[in-house]
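Structure, as structure tokens:
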Amino acid sequence: MPELPEVESLRRILARSAVGRTIERARVTERRLRQKVARDLAAGVEGRRILRLGRRAKYLIIELSDGAAMVVHLGMSGSLTHRGKDFDDAEFDPRHDHVEFALDDRTRLVYNDPRRFGLIRLVAPGGLGAAPELAALGPEPLGASFNAEYLARMARGRRAAIKNLIMDQRVVAGIGNIYASEILFRAGVRPTRRAAKITHKEIERIVAATAPILRAAIGSRGTTFRSYRDSDGRPGRFAERLMVYGRAGKPCQVCKSAIRSVTVGQRASFYCPRCQR
DNA sequence: CTTACATCCTGATTGC
DNA sequence: TGCAATCAGGATGTAA
């Protein structure tokens with residue numbers, strides 16, 4: 001579910017409410033996530049203050065006062081919600097609320113993940129640089145190093161579809177299934193085209209389309225397609241602005257042609273047959 | 001190295 | 001309406 005814009009929205013919201021707070025108590029009620037939650041996670045974070053929140057690709061990074069950090073990934077269905085002082089214990093969902101951090105202002109951060117594809121890992125002080133989750137990630141799509149020359153180099157010789165290429169976290173980090181479709185629509189490139197056959201002009205358009213879409217989505221606090229909620233429990237508003245994703249059969253907002261859906265690399269993909277070549 | 005595919009898991013939606 | 005099949009915003013390991 002959550003791609004870069006959703007995680008960045010989460011980071012910004014929590015930066016206002018959770019940074020500076022001390023984790024008084026933590027509890028893990030379900031350790032079986034994609035990667036098993038360490039037994040000593042709770043003990044390792046209790047008493048530490050949340051110093052800073054960072055993001056790399058789709059990972060939220062919670063830096064703690066002793067130099068350690070938590071690396072959090074929401075998988076497909078995860079969420080990290082900040083629950084207020086008035087939060088009632090009865091609202092705790094024992095099925096999917098897996099990890100809870102009680103903060104010193106009597107609020108709590110709760111990690112909920114029905115499908116359990118996410119992960120939370122405590123990284124020892126100074127260990128972020130060597131974190132395996134982050135090691136192979138490509139450049140941030142909002143950064144200067146994600147440019148046409150770079151993407152052209154990555155596309156060279158690749159038989160994979162261009163959509164798969166831009167969803168490959170080693171190529172560019174943070175783009176998932178929704179935004180890949182949206183970026184390619186804006187760039188006028190069909191998702192099924194082989195990466196190596198994309199012209200340089202088209203590569204330039206793909207790169208140029210990326211930041212505006214991601215920034216707009218962040219501005220809307222992300223996309224709620226089915227179930228995503230931000231840390232305040234509110235749906236993201238970008239769903240209203242999707243041009244192709246999830247709109248199979250509906251008219252293109254630019255040319256009125258019916259949006260098509262195809263499977264590319266086992267993922268649903270959407271495009272306009274007229275606007276995208 | 002690249003690509004194709006199954007797999008982890010539960011819930012919502014679709015189709016009969 | 002009920003129930004089973006299908007699909008879901010992600011990432012990884014394995015095999016070819």
Side-chain angles (χ1 to χ4, degrees), chain A residues 1-10 29-37 55-60 71-80 93-98 111-121 131-138 141 153-184 191-197 213-214 217-218 220-230 235-249 261-270:
Chain A
M1 97 173 38
E3 306 181 32
L4 184 151
E6 288 72 37
V7 180
E8 178 61 20
S9 299
L10 172 65
T29 51
E30 174 59 82
R31 297 177 55 221
R32 293 172 303 166
L33 302 186
R34 181 174 100 219
Q35 179 184 102
K36 205 153 189 190
V37 178
R55 180 191 58 74
R56 177 77 171 99
K58 303 172 191 174
Y59 290 90
L60 180 72
V71 172
V72 180
H73 195 291
L74 302 176
M76 289 267 241
S77 57
S79 62
L80 192 60
D93 174 1
R95 289 180 314 157
H96 304 312
D97 284 348
H98 305 315
Y111 180 83
N112 176 291
D113 187 1
R115 290 177 77 180
R116 307 208 304 267
F117 282 179
L119 72 89
I120 300 185
R121 195 170 68 81
E133 295 87 352
L134 312 179
L137 292 173
R153 204 180 331 124
M154 299 310 282
R156 203 167 297 154
R158 301 273 298 236
R159 306 183 72 246
I162 183 64
K163 176 160 173 278
N164 289 339
L165 187 77
I166 63 174
M167 285 178 65
D168 186 333
Q169 302 301 298
R170 296 165 301 188
V171 172
V172 55
I175 298 171
N177 206 32
I178 290 185
Y179 298 109
S181 279
E182 295 298 309
I183 288 165
L184 292 175
T192 47
R193 297 259 308 277
R194 289 188 191 282
K197 297 199 171 179
I213 292 201
L214 297 179
I218 293 167
S220 299
R221 295 193 330 276
T223 300
T224 293
F225 189 65
R226 289 184 167 196
S227 58
Y228 170 78
R229 292 291 183 278
D230 72 17
R237 291 177 287 112
F238 197 70
E240 312 154 18
R241 299 179 55 186
L242 294 177
M243 300 296 278
V244 289
Y245 188 86
R247 299 191 70 251
S261 89
V262 285
T263 298
V264 180
Q266 284 135 263
R267 308 301 298 277
S269 309
F270 301 86

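We name chains A, B, ... by the order of the sequence lines, and we start the count at 1 in each one.
- Regarding A:Asp168, its CG atom lies at a distance of 17 Å from the P atom of B:dC5, rounded to whole Å.
- Between A:Glu3 and A:Lys58 there is no salt bridge, since none of the side-chain N atoms of the basic residue sits less than 4.0 Å from a carboxylate O of the acidic one.
- Applying the salt bridge (charged side-chain N to carboxylate O under 4.0 Å, His left out) test to residues at least two apart or on different chains, the pairs with a partner in residues 164-174 of chain A are A:Arg158-A:Asp168, A:Asp168-A:Arg170.
- Between A:Met76 atom CE and C:dA11 atom P the separation is 9 Å, expressed in whole Å.
- Proximity of A:Arg267 to the phosphate of C:dG10: a side-chain N or O atom is located under 4.0 Å from OP1 or OP2.
- Between A:His73 and C:dA11 there is a side-chain polar atom (N or O) within less than 4.0 angstrom of OP1 or OP2.
- Distances from the side chain of A:Arg158 to the nucleotides B:dG11, C:dA8, B:dT2 place B:dT2 closest.
- For A:Arg116 (side chain) and A:Arg32 (main-chain N/O), a donor-acceptor pair under 3.5 Å exists by modelled atom type.
- Looking at the side chain of A:Arg95, the nearest of the listed nucleotides B:dG11, B:dA6, C:dA8 is B:dG11.
- Using a distance-only test at 3.5 Å, with no hydrogens or angles considered, a donor-acceptor pair links the side chain of A:Arg55 to the main chain of A:Ala57.
- For the pair A:Met154 CE and B:dT3 C1', the interatomic distance rounds to 15 Å; values are reported in whole Å.
- If you measure from atom CD of A:Gln35 to atom C1' of B:dT7, you get 16 Å, rounded to the nearest angstrom.
- Comparing atom distances between the A:Phe117 side chain and each of C:dG10, B:dA4, C:dA8 picks out C:dG10 as nearest.
- As a whole-Å value, the separation of A:Glu133 CD from C:dT12 P is 8 Å.
- Proximity of A:Leu184 to A:Ile162: side-chain heavy atoms (C-beta onward) are separated by under 4.5 Å at one or more points.
- Taking atom CG of A:Leu165 as the reference point, atom P of B:dC1 lies 16 Å away to the nearest angstrom.
- Sequence order on DNA chain B of the closest nucleotides to A:His96 and A:Gly157 puts A:Gly157 first from the 5' end.
- Put simply, the side chain of A:Val264 reaches to within 4.5 Å of the side chain of A:Asn164, judged on heavy atoms.
- Candidate nucleotides B:dG11, C:dG10, C:dT12 were compared by shortest atom distance to the side chain of A:Tyr59, and C:dT12 ranks first.
- Nucleotides B:dG11 and C:dT1 place their P atoms 23 Å apart, quoted to the nearest Å.
- Remark: the A:Tyr111 side chain and the A:Ser79 side chain contain no N/O donor-acceptor pair separated by less than 3.5 Å.
- In DNA chain C, consecutive stretches of 3 or more Watson-Crick or G-U wobble pairs with both distances under 3.5 Å are given as paired ranges: B:2-8 with C:10-16, B:10-16 with C:2-8.
- Computed from coordinates, the A:Arg170 CZ to C:dG10 C1' distance equals 14 Å when rounded to whole Å.
- Looking at heavy-atom distances under 4.0 Å, A:Arg159 makes contact with sugar-phosphate atoms alone, never a base.
- Rounded to whole angstrom, the span from the CZ atom of A:Arg194 across to the C1' atom of B:dA4 amounts to 13 Å.
- A donor and an acceptor atom never sit less than 3.5 Å apart when one is taken from the side chain of A:Arg116 and the other from the base of B:dC9.
- Of the candidates B:dT3, C:dA8, B:dC8, the closest approach to any side-chain atom of A:Ala160 belongs to B:dT3.
- A search for ring pair (Phe, Tyr, Trp, His ring centres under 6.0 Å) contacts involving A:His98 returns nothing, not counting sequence neighbours.
- Note on A:Arg34: every side-chain N or O is 4.0 Å or more away from OP1 and OP2 of B:dC9.
- Side-chain atoms of A:Tyr245 lie closest to C:dA8 of the nucleotides C:dA11, B:dT3, C:dA8.
- Close to C:dA11, at under 4.0 Å from its OP1 or OP2, lies a side-chain N or O of A:Gln169.
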